[in-house]
Number of protein chains: 2
Amino acid sequence: MRKTIIVFGLLILGLLLLFQLSKYAVISGDLDSEVVIAIIAIVFFFVGVYLNKKSLHKQKVASEDINHKKIKDLDISKREYEVLLGISEGLSNKEIGEKLFVSESTIKTHVSNLLSKLNAKRRTQALQIAKDFNII
Amino acid sequence: MRKTIIVFGLLILGLLLLFQLSKYAVISGDLDSEVVIAIIAIVFFFVGVYLNKKSLHKQKVASEDINHKKIKDLDISKREYEVLLGISEGLSNKEIGEKLFVSESTIKTHVSNLLSKLNAKRRTQALQIAKDFNII
DNA sequence: AAACAGTTCATACTAAAGTACCAAACCACT
DNA sequence: AGTGGTTTGGTACTTTAGTATGAACTGTTT
């Protein structure tokens, strides 16, 4: 948030400076007034593009970012979360076990705990719930 | 695509008109040159915002839209697709059967066919593949 | 009318998934 | 040194999921 304010401040200062510089350039005859207008137009065009991209990006990130707080709220451990990611990749318990170098039994324990923490009956339902919570 | 060209053409024409009008306004003394520059800046700022939003929106839509062609290419039938949606909602075969008013056996048949068409070993893998193909 | 694709359903089976319960080992903290 | 949370893993069991096969019933096309 502080970063945004600083960027905005610098932007406004830069633009004011540009205005003043262009005014002096026109008065002193170094530049044609049409050229100045063209530069102003181009600069503001890109300022518009830039600010729009920034704001849209934030929205996008906000809706796609992983909600780490929610993971903690649900009391999901590191290992359980890794298992959840394995499920979302479409892996079987056995395959997840091989990936994490533990036995299938261990994965079953994690999955069972995950399901109760996510209040799900099946792994597919767990995926749907996890997506709703933005934790995967 | 034609629409885009027309919009762009009109936009450029409008901007050129604005340029000429502002020039005459300054010469005839109706408007201060600083006001003209401010107007140009604001207009181009919003042109930048508008064009950026347009292009980003298209990208977003393109990546989120369901690829109906891909569904046909994979030879997935209407009913099979409904079952796929049921799976993505985290339902069991039995629950999907109740939702579509058919027996669990029927759902099993559909699921089995779906898996072979999607080249998946499990329903969770089918979900992952279907997402990659943008068909759910 | 015959062929065809899609849907429906059943049986019988194997393979995964999931539950319940227990137990040991580990790490961090006090 | 003991407590608590996490991770690990086993056994035994029930429930879903998935496969294979066969069969009947729909529309649609030729």
Side-chain angles (χ1 to χ4, degrees), chain A residues 66-133 135-136, chain B residues 66-133 135-136:
Chain A
I66 289 169
N67 190 344
H68 296 285
K69 192 182 169 300
K70 191 74 193 177
I71 297 174
K72 281 179 191 167
D73 285 351
L74 291 170
D75 210 40
I76 293 173
S77 70
K78 273 160 286 175
R79 212 54 167 166
E80 284 164 354
Y81 186 67
E82 289 176 312
V83 171
L84 180 59
L85 292 181
I87 292 173
S88 77
E89 288 169 21
L91 303 177
S92 67
N93 290 336
K94 198 178 177 184
E95 287 169 339
I96 297 171
E98 285 165 4
K99 195 177 180 182
L100 301 180
F101 304 108
V102 293
S103 77
E104 192 189 344
S105 299
T106 306
I107 303 301
K108 280 191 176 187
T109 306
H110 289 319
V111 170
S112 206
N113 291 330
L114 255 175
L115 293 182
S116 72
K117 285 176 183 180
L118 285 171
N119 206 17
K121 289 175 189 161
R122 282 163 295 279
R123 46 171 60 208
T124 48
Q125 197 182 3
L127 288 179
Q128 195 245 330
I129 293 169
K131 264 162 220 153
D132 275 359
F133 285 156
I135 62 177
I136 54 171
Chain B
I66 288 170
N67 190 344
H68 297 285
K69 192 182 169 296
K70 191 74 194 178
I71 296 174
K72 280 179 191 167
D73 285 352
L74 289 170
D75 211 41
I76 293 173
S77 71
K78 273 160 286 174
R79 213 53 168 166
E80 284 165 354
Y81 186 67
E82 289 177 311
V83 171
L84 181 59
L85 291 181
I87 293 173
S88 76
E89 288 169 21
L91 303 177
S92 68
N93 290 335
K94 197 177 176 185
E95 287 169 338
I96 296 171
E98 285 164 3
K99 195 176 180 182
L100 302 180
F101 303 108
V102 293
S103 78
E104 191 188 346
S105 299
T106 306
I107 303 301
K108 280 190 177 188
T109 307
H110 289 320
V111 170
S112 206
N113 291 332
L114 255 175
L115 293 183
S116 73
K117 285 176 183 178
L118 285 171
N119 205 19
K121 289 174 189 163
R122 282 164 293 280
R123 46 170 61 207
T124 48
Q125 198 181 4
L127 287 180
Q128 196 243 329
I129 293 169
K131 265 162 220 153
D132 275 358
F133 285 157
I135 61 177
I136 53 171

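Per chain, numbering begins at 1; letters A, B, ... match sequence-line order.
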Problem set entry | Difference in axis direction between the ends of the helix from dA1(C)-dT30(D) to dT30(C)-dA1(D), five pairs, 10° | 40°
Exercise. Among Thr124(B), Ile96(B), Ile136(B), Ile107(B), which residue meets the side-chain contact (heavy atoms from CB on, under 4.5 Å) test with Ile87(B)?
Worked result: Ile96(B)
For this session: Starting from C1' on dA16(C), measure out to CD on Gln125(B) and report it in whole angstrom.
Result: 14 Å
For this session: Answer yes or no: is there a side-chain heavy-atom contact under 4.5 Å between Ile71(A) and Asn67(A)?
Result: no
Exercise. Can you tell if the side chain of Glu95(A) reaches within under 4.5 Å of the side chain of Glu89(A), non-hydrogen atoms only?
Worked result: no
Problem set entry | Listed nucleotide nearest any side-chain atom of Lys108(A), set dA17(D), dT19(C), dT8(C) | dT19(C)
For this session: Verify whether one side chain among Thr109(B) and Thr106(B) offers a donor that lies under 3.5 Å from an acceptor in the other.
Result: no
Exercise. Tell me: CG of Asn113(A) to P of dA20(C), nearest whole Å?
Worked result: 11 Å
For this session: Measure from the side chain of His110(A), starting at C-beta and using heavy atoms only, and say which of dT7(D), dC9(C), dG9(D) lies closest.
Result: dT7(D)
Problem set entry | Separation of dT15(D) P from Arg122(A) CZ (nearest whole Å) | 14 Å
For this session: Could you please name the option among dT19(D), dC9(C), dG10(D) that lies closest to any side-chain atom of Leu115(B)?
Result: dT19(D)
Problem set entry | Nearest-angstrom distance from the residue atom CG of Leu114(B) to C1' of dG18(D) | 13 Å
For this session: Give me the residues of residues 75-104 of chain B where at least one heavy atom lies under 4.0 Å from an atom of DNA chain D, by number, or none.
Result: Ser92(B), Asn93(B)
Problem set entry | Atom-pair distance (CZ on Arg123(A); C1' on dT15(D)), nearest Å | 14 Å
Exercise. Would you find more than 12 non-hydrogen atoms of other residues, nucleotides or ligands less than 6.0 Å from Lys117(B) atom NZ?
Worked result: yes
Exercise. Does a side-chain heavy-atom distance below 4.5 Å link Glu80(B) with Asp75(B)?
Worked result: no
For this session: Give the minimum heavy-atom separation between Arg79(B) and Leu100(B), together with the two atoms involved.
Result: NH2-O, 3.0 Å
Problem set entry | From dG9(D), dG18(D), dC9(C), nucleotide with atom closest to Thr109(A) side chain | dG9(D)
